[in-house]
A.B. asks: 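Have a look at this one before I ask anything.
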Amino acid sequence: MKQIVSLLLFSLLLVSCGTRSGHFKMEGRLLHINQGELYVYSPDGGLEGLDTIKIQGGRFAYEIPCKERATLVIIFPNYSTQPIFAESGEAVEIKADASHLKEMEVGGTDDNELMTEFRRQIASASPPDELKYAGQFIEDHPESAVSVYLLSKYFVQTEAPDYRKALRLIDKMLAEQPRNGALVRLKRLLNNMKGGNVGDRLPRFSARTLDGKTITQADLKGKTVIISLWATWNYESVNMQRTLSEAVEKGYATVLGISADASPKEAQQTLKNNEVHFPNVCDGMMMESQLVRTLGLRTIPDNIVIKNGRIAERNITESTLRQRLSNFN
């Protein structure tokens, strides 16, 4: 009888936690947003594609199957993003003011609480201080999934990347996370990079576009050329393709897109849905694509800007692109 009562109490405890084994749940309360939608995607494969979260009365709830740790990125109505770190059988509670998202609080797991502390630290910090705090966080917490996210954001996926420091930090993190596939792949990409440094000439390449034509570096002519890496499941990168299409239509730049999707048909459909009309390559090899490696592209999204045949910049943001459109030519 005692065993039955204990089992019932344990079952009630599991139900009260609101999360089933093999699932991850997040519930949130947002100030200054009563109704609307959030979007969510996963940069490390924890979620396929882009999903929608409904906000009703300033609250939302979202649950997904989750067998392994994953990073989820929430896209807010103002297009700012914040990460959530998912774990099997866990649940988190999110509290945020839509006008101060850098102060968003997430409780329920160690990684999410660490990220909350980092948000508080950088809430009023200058960009150089943010970079310093991110580096120190990774040094202090090489075992954390938060460090993987911060490494990509501050040292790789930025307009001024520091690949040397990124590799040093990756080695420290791999000592604590030897089975982290994302870190292993990122290290391999950085080490095996064949080209793509600022100041280098655009490397020679030949690839077949989604419409069956062969394209080489010699076909990319213009005062400004942008090569952009994207994927259907990454909202930020798809939005960048729309902005680049505007640049092409206005005659500001020549653009080549490279999809890191496994399915060329899916990539082509996404381009059609978003009315993107410049050439795109998708060979189904994702980040192992020979073209991606030749050009030294490393993250999604990523891009290189070529002027006078040489790489002038890397990984400009969508907002920066919009600001510069009128000055490209």
A.B. asks: Work out which heavy atom in Glu130 is nearest to a heavy atom in Tyr154; give both atom names and the distance.
C.D. replies: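 Heavy atoms of Glu130 and Tyr154 come nearest at OE1-OH, 2.6 Å.
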A.B. asks: Would you say Asn273 has more than 12 foreign heavy atoms packed within less than 6.0 Å of its CG?
C.D. replies: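 Buried by this count: over 12 neighbours within 6.0 Å.
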A.B. asks: Could you tell me which non-hydrogen atom of Gly257 sits nearest to which non-hydrogen atom of Phe278, and how far apart they are?
C.D. replies: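 Shortest heavy-atom separation between Gly257 and Phe278 comes out as N-CE1, 3.7 Å.
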A.B. asks: Quick one: pull up OH in Tyr149 and CD1 in Ile84 and give me the separation to the nearest 0.5 Å.
C.D. replies: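 One gets 10.0 Å once the value is rounded to the nearest 0.5 Å.
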A.B. asks: Kindly indicate, with the supporting measurements, whether the criterion side-chain contact (heavy atoms from CB on, under 4.5 Å) is fulfilled by Phe76 and Met104.
C.D. replies: CA-CA 12 Å; Phe76 289 87; Met104 185 172 88; 3.7 Å; yes
A.B. asks: Please check: side-chain N/O of Thr254 versus main-chain N/O of Leu220, any donor-acceptor pairing under 3.5 Å?
C.D. replies: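 No, because the side chain of Thr254 does not come within donor-acceptor range (under 3.5 Å) of the backbone of Leu220.
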A.B. asks: Looking at side-chain heavy atoms only, is the closest gap between Ile64 and Leu72 below 4.5 Å?
C.D. replies: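 Heavy-atom side-chain distance check passes, below 4.5 Å.
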A.B. asks: Report whether Leu167 and Val184 are members of the same hydrophobic cluster (ILVMFWY, side-chain heavy atoms less than 4.5 Å apart, transitive linking).
C.D. replies: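 In one cluster with Leu167: Val184, yes.
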A.B. asks: If the plane angle is over 60° it's perpendicular, under 30° parallel, otherwise tilted; pick one for Trp233 and Tyr41.
C.D. replies: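 Tilted.
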A.B. asks: Quick check for you: to the nearest 0.5 Å, what is the distance between Leu256 atom CG and Leu291 atom CG?
C.D. replies: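 Answer rounded to 0.5 Å: 7.0 Å.
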A.B. asks: Kindly say whether Arg310 contributes a backbone atom to a donor-acceptor pair with the side chain of Asn308 at under 3.5 angstrom?
C.D. replies: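 Judged by distance alone, no pair lies under 3.5 Å.
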A.B. asks: Under 4.5 Å between side-chain heavy atoms, hopping through other hydrophobics if needed: is there a path connecting Val238 to Leu210?
C.D. replies: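 Yes: a chain of side-chain contacts under 4.5 Å links Val238 to Leu210.
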A.B. asks: Quick one: does Ser88's side chain have a donor or acceptor within less than 3.5 Å of a partner on Gly22's backbone?
C.D. replies: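 The answer is yes, because a donor-acceptor pair under 3.5 Å joins these two groups.
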A.B. asks: Please report the closest heavy-atom contact between Pro301 and Asn234, naming both atoms and the distance.
C.D. replies: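 Answer, listing the atom of Pro301 first, then Asn234: CD-OD1, 3.8 Å.
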A.B. asks: Out of curiosity, Trp230 CH2 to Leu271 CG, how far, rounded to the nearest 0.5 Å?
C.D. replies: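 If I round to the nearest 0.5 Å, the distance is 4.0 Å.
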A.B. asks: Going through the checks in order, is the side chain to side chain donor-acceptor pair (under 3.5 Å) test met by Glu275 and Ser245?
C.D. replies: CA-CA 8 Å; Glu275 299 183 349; Ser245 192; over 6 Å; no
A.B. asks: Out of Thr294, Val225, Ile227, which residue meets the side chain to side chain contact (heavy atoms under 4.5 Å, CB included) rule with Leu202?
C.D. replies: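 Between Leu202 and the candidates, side chain to side chain contact (heavy atoms under 4.5 Å, CB included) is satisfied uniquely by Ile227.
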A.B. asks: Could you tell me whether Arg120 and Glu105 have a side-chain N and a carboxylate O separated by less than 4.0 Å?
C.D. replies: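 Yes.
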A.B. asks: With no hydrogens and no angle check, is any side-chain donor or acceptor of Asp219 less than 3.5 Å from a backbone partner on Thr216?
C.D. replies: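 A pair under 3.5 Å: yes.
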A.B. asks: Evaluate Asp51 against Tyr62 for side-chain contact (heavy atoms from CB on, under 4.5 Å), listing each step before the verdict.
C.D. replies: CA-CA 10 Å; Asp51 210 350; Tyr62 182 72; 2.8 Å; yes
A.B. asks: If we ignore hydrogens and angles and just use 3.5 Å, is the side chain of Arg59 paired with the main-chain N or O of Arg29 as donor and acceptor?
C.D. replies: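 Such a contact is absent between Arg59 side chain and Arg29 backbone.
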A.B. asks: Is there a side chain to side chain donor-acceptor pair (under 3.5 Å) between Asp111 and Thr109? Walk through the geometry before answering.
C.D. replies: CA-CA 6 Å; Asp111 279 335; Thr109 69; 6.0 Å; no
A.B. asks: Check the hydrophobic clustering (I, L, V, M, F, W, Y; side-chain heavy atoms under 4.5 Å; chains of links allowed) and say if Ile300 and Met286 are grouped together.
C.D. replies: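 Hydrophobic grouping puts Ile300 apart from Met286.
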A.B. asks: Quick one: which of Lys187, Arg164, Lys165 gives a salt bridge (charged side-chain N to carboxylate O under 4.0 Å, His left out) with Asp171?
C.D. replies: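 That would be Lys187; it is the only one of Lys187, Arg164, Lys165 passing the salt bridge (charged side-chain N to carboxylate O under 4.0 Å, His left out) with Asp171.
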A.B. asks: Picking from Glu103, His100, Gln82, what satisfies side-chain hydrogen bond (donor to acceptor under 3.5 Å, both in side chains) with Arg119?
C.D. replies: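 That would be Gln82; it is the only one of Glu103, His100, Gln82 passing the side-chain hydrogen bond (donor to acceptor under 3.5 Å, both in side chains) with Arg119.
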A.B. asks: Do you know the tightest heavy-atom contact between Asp261 and Ser259?
C.D. replies: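 Answer, listing the atom of Asp261 first, then Ser259: OD2-OG, 2.7 Å.
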A.B. asks: Rounded to the nearest 0.5 Å, how far apart are NZ of Lys102 and CD1 of Ile122?
C.D. replies: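 Reported value, rounded in 0.5 Å steps: 5.0 Å.
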A.B. asks: If you compare all heavy atoms of Asp302 against all heavy atoms of Gly296, which two are closest, and at what distance to 0.1 Å?
C.D. replies: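 Taking every non-hydrogen atom into account, OD2-O, 4.4 Å.
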A.B. asks: Under a 4.0 Å N-O cut-off, is there an ion pair linking Glu318 with Arg322?
C.D. replies: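 So Glu318 pairs with Arg322 through a salt bridge.
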A.B. asks: Report yes if some heavy atom in the side chain of Asn303 is under 4.5 Å from a heavy atom in the side chain of Met240; otherwise report no.
C.D. replies: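 Contact flag for Asn303/Met240 side chains = yes.
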A.B. asks: Report the C-alpha separation of Thr317 and Thr320 in whole Å, then their side-chain angles, then the decisive distance to 0.1 Å, and conclude whether the side chain to side chain donor-acceptor pair (under 3.5 Å) test is met.
C.D. replies: CA-CA 5 Å; Thr317 64; Thr320 298; 2.8 Å; yes
A.B. asks: Take Leu150 and Phe118 through the side-chain contact (heavy atoms from CB on, under 4.5 Å) test and state the conclusion after the steps.
C.D. replies: CA-CA 10 Å; Leu150 296 181; Phe118 182 76; 3.7 Å; yes
A.B. asks: Search all heavy atoms of Phe85 against all heavy atoms of Asn112 and return the closest pair with its distance.
C.D. replies: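 So the two residues come closest at O-ND2, 2.8 Å.
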A.B. asks: Please say whether more than 12 non-hydrogen atoms of neighbouring residues, nucleotides or ligands are located less than 6.0 Å from CD in Glu68.
C.D. replies: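 Check fails, neighbour count at 12 or below.
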A.B. asks: Check step by step if side-chain contact (heavy atoms from CB on, under 4.5 Å) holds for Glu249 and His277.
C.D. replies: CA-CA 9 Å; Glu249 290 171 6; His277 303 300; 4.0 Å; yes
A.B. asks: Could you check whether any side-chain heavy atom of Leu321 comes within less than 4.5 Å of a side-chain heavy atom of Ile226, counting everything from C-beta outward?
C.D. replies: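 Yes, at least one pair of side-chain atoms sits under 4.5 Å.
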A.B. asks: Hydrophobic clustering (ILVMFWY, side-chain heavy atoms < 4.5 Å, transitive) - are Leu101 and Ile74 grouped together?
C.D. replies: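 Yes, Ile74 and Leu101 fall within the same hydrophobic cluster.
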